[in-house]
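Just so we're clear, the structure is a prediction, and the values are computed from it rather than from any experiment.
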Amino acid sequence: MSYQNQVENAGKIIRSDWTGVTAEAVARMRLQNRFQTGLDIARYTAAIMRKDMEAYDADPSKYTQSLGCWHGFIGQQKLISIKKHFGTTDRRYLYLSGWMVAALRSEFGPLPDQSMHEKTSVPALIGELYTFLRQADARELGMLFREVDAAREAGDQVKEKQLLHAVDNYQTHVVPVIADIDAGFGNAEATYLLAKKMIEAGACALQIENQVSDEKQCGHQDGKVTVPHEDFVAKIRACRYAFLELGIDDGIIVARTDSLGAGLTKQIAFSREPGDIGDLYNSFLDCEDVNDLASLNGDVIINRDGKLVRPKRLASNLYQFREGTGADRCVLDCVNALKNGADLLWIETEKPHIEQIASMVDRVRETVPNAKLVYNNSPSFNWTLNFRQQVFDTWQKEGKDVSAYDRARLMSVDYDGTELGLEADEKIRTFQRDASKRAGIFHHLITLPTYHTAALSTDNLAREYFGEAGMLGYVANVQRKEIREGIACVKHQNMAGSDLGDDHKEYFAGEAALKAGGSHNTMNQFAA
């Protein structure tokens, strides 16, 4: 609906005794508040994500990306920057990391990624992210409306028409969020209840992993424990029912497997007959032959190919899988998840190696040809070291002279400008493009980037400001760069909504409005 149509429709609603209420002000406020509820957002963004998935199937160069954001302001500034630099938010999402919720948003204080944080903090952050993105829309549209008014006052009809065209074709900052529901925070019912809250807050995509809820570990730490497939499928169903109940029929479920690095299971799967999914899960258990039943004391034994065997059980009462079975278990996890309602896959790996990822995706695609991944470009990987080692190993295999390099110290700054260092950097630069083409990765995300950028920028400021540079440490390295690089946040009063508030004051009180943006507002120093 065009701006003019919005004004006309508002005019039909306004009663004659509503003095001071103008159709144009109503139309502007409606456009600045396009999304009334989180479900409106979930419905809108799910359609975007489905469209992007279809585009990727046709052309793997059209992969999508996101950065993990731990606060609404961080997410807002990310999207403002994307619009500024690229002119569009197409194929750019938000990622909500359970790790960062635990580390930064729990009332208990900083926690490890073990599902110990309050489950309500996850939907709360989704709601916060979208509150800030909607405010970014209101702010940017408000500035356009002010320009429209200025063009009218100047009698510049051409400029006014251009600005109204920009309003009619305005692209929102609201984009899909892929939200981490960890291992479901309990049983399937608990997963369903939390999923509903997350969807109601605006999430169109839920990422759930196949670890045991009460033993959940960060995917890049040791001690991970998986659950049998039927347990995981029950939670996938719980998420799907939550979507369907709330009317988000095309909601996206990302099924994550941690089997590559998980060598333990808490329970032996239930099996009805040989070859079923429970039997396949149990086939990976590390077992010992049973020759003397009298030697068993409280042990569990299973029938494997007509023989009685004893699964190896640790003192923790956990069972272990055979070494070297991680990739096979990942492939089985992925195929089973896709056959039971998941839309996208997530394989948590220990290093960013395209052929390792592709070797598993190729096998999954033998059964599900359009299988696609969400992949964690994790800060837990030492990207520099990993890719320098990959280049070193490739050169060595090809017979190229590597005598100038010490594999044990490839992280050294001494190698930054070398042929090996530059080739590794180029492979890092093209990793997302190459992995999307070769390994079926539809969505690339970095889980914790803004955790690290906040720490790095704060360290730089603290070093300068509390050192010899003093105030120049802030001015030269922060404010001057904000001004020269066009960072909208340099006008922090505007970013926080002061000008929006002034507009509303004028709507509500007319000439009597006491506005903050007058001549004595020091933000005017940044007008140029």
Side-chain angles (χ1 to χ4, degrees), residues 98-99 102 112-116 119 122 180-195 206-242 253-272 275-287 300 302 311-323 325-349 360 364 374 376:
W99 192 101
D113 184 20
Q114 296 172 355
S115 290
M116 294 190 291
K119 59 197 298 185
V122 184
D180 186 357
I181 197 171
D182 280 18
F185 286 86
N187 61 14
E189 174 70 5
T191 302
Y192 154 77
L193 293 171
L194 178 56
L206 303 179
Q207 167 223 325
I208 188 164
E209 61 203 66
N210 69 335
Q211 290 193 50
V212 177
S213 290
D214 59 354
E215 298 286 352
K216 182 260 189 304
Q217 289 277 18
C218 171
H220 294 283
Q221 293 184 318
D222 206 355
K224 294 184 289 295
V225 182
T226 63
V227 297
H229 294 91
E230 289 297 343
D231 293 41
F232 189 50
V233 166
K235 292 188 175 183
I236 291 175
R237 289 194 198 106
C239 292
R240 181 62 66 201
Y241 273 114
I253 297 172
V254 183
R256 167 176 150 179
T257 173
D258 280 279
S259 289
L260 196 62
L264 302 169
T265 182
K266 194 166 188 177
Q267 61 197 97
I268 296 171
F270 175 74
S271 173
R272 291 181 175 84
D276 65 14
I277 195 66
D279 189 46
L280 291 173
Y281 187 80
N282 293 338
S283 70
F284 296 112
L285 292 170
D286 192 6
C287 298
V300 172
I302 62 175
K312 293 181 180 178
R313 185 165 55 178
L314 306 180
S316 59
N317 206 30
L318 300 171
Y319 298 93
Q320 65 186 45
F321 292 111
R322 299 193 312 278
E323 287 193 17
T325 62
D328 291 338
R329 287 183 281 125
C330 275
V331 171
L332 180 59
D333 294 345
C334 290
V335 171
N336 193 65
L338 290 174
K339 285 185 172 181
N340 285 278
D343 302 289
L344 295 168
L345 302 170
W346 174 318
I347 299 176
E348 194 78 321
T349 65
M360 291 180 279
V364 175
V374 171
N376 178 8

State, yes or no, whether a side-chain contact exists between E209 and T226 at a heavy-atom distance under 4.5 Å.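 Result no, sub-4.5 Å side-chain heavy-atom pair not found.
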E348 side chain reached by T257 side chain, heavy atoms, under 4.5 Å: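 No, every pair of side-chain atoms sits at 4.5 Å or beyond.
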Sequence-distant partners of Y281, ring pair (Phe, Tyr, Trp, His ring centres under 6.0 Å), two or more places apart: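 Applying ring pair (Phe, Tyr, Trp, His ring centres under 6.0 Å) to Y281 gives H229, F321.
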Partners passing ring pair (Phe, Tyr, Trp, His ring centres under 6.0 Å) against Y319 (at least two apart in sequence or in another chain):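 For Y319 there are no ring pair (Phe, Tyr, Trp, His ring centres under 6.0 Å) partners, ignoring immediate neighbours.
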Checking [X] now: which residues fulfil side-chain hydrogen bond (donor to acceptor under 3.5 Å, both in side chains) with it, not counting sequence neighbours?
X    : result
T191 : none
D279 : none
S283 : none

Exercise: identify the closest heavy-atom pair between [X] and [Y]:
X    : Y    : answer
L318 : V225 : CD1-CG2, 3.9 Å
I236 : A337 : CD1-CB, 4.0 Å
G278 : S271 : C-CB, 4.1 Å
G98  : D180 : N-OD2, 3.0 Å

Side chains of D333 and S259, donor plus acceptor under 3.5 Å: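 Per modelled atom types, D333 and S259 side chains form a pair under 3.5 Å.
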More than 12 heavy atoms of other groups within 6.0 Å of K312 NZ: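 Yes, the 6.0 Å shell around NZ holds more than 12 heavy atoms from other groups.
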If I take atom CG from residue N210 and atom CG from residue D231, how far apart are they, to the nearest 0.5 angstrom?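 That separation rounds to 10.5 Å.
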Sequence neighbours excluded, every pair satisfying salt bridge (Lys or Arg N to Asp or Glu O under 4.0 Å) that has a member inside residues 232-241: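 Every pair satisfying salt bridge (Lys or Arg N to Asp or Glu O under 4.0 Å) with a residue in residues 232-241: R240-D343.
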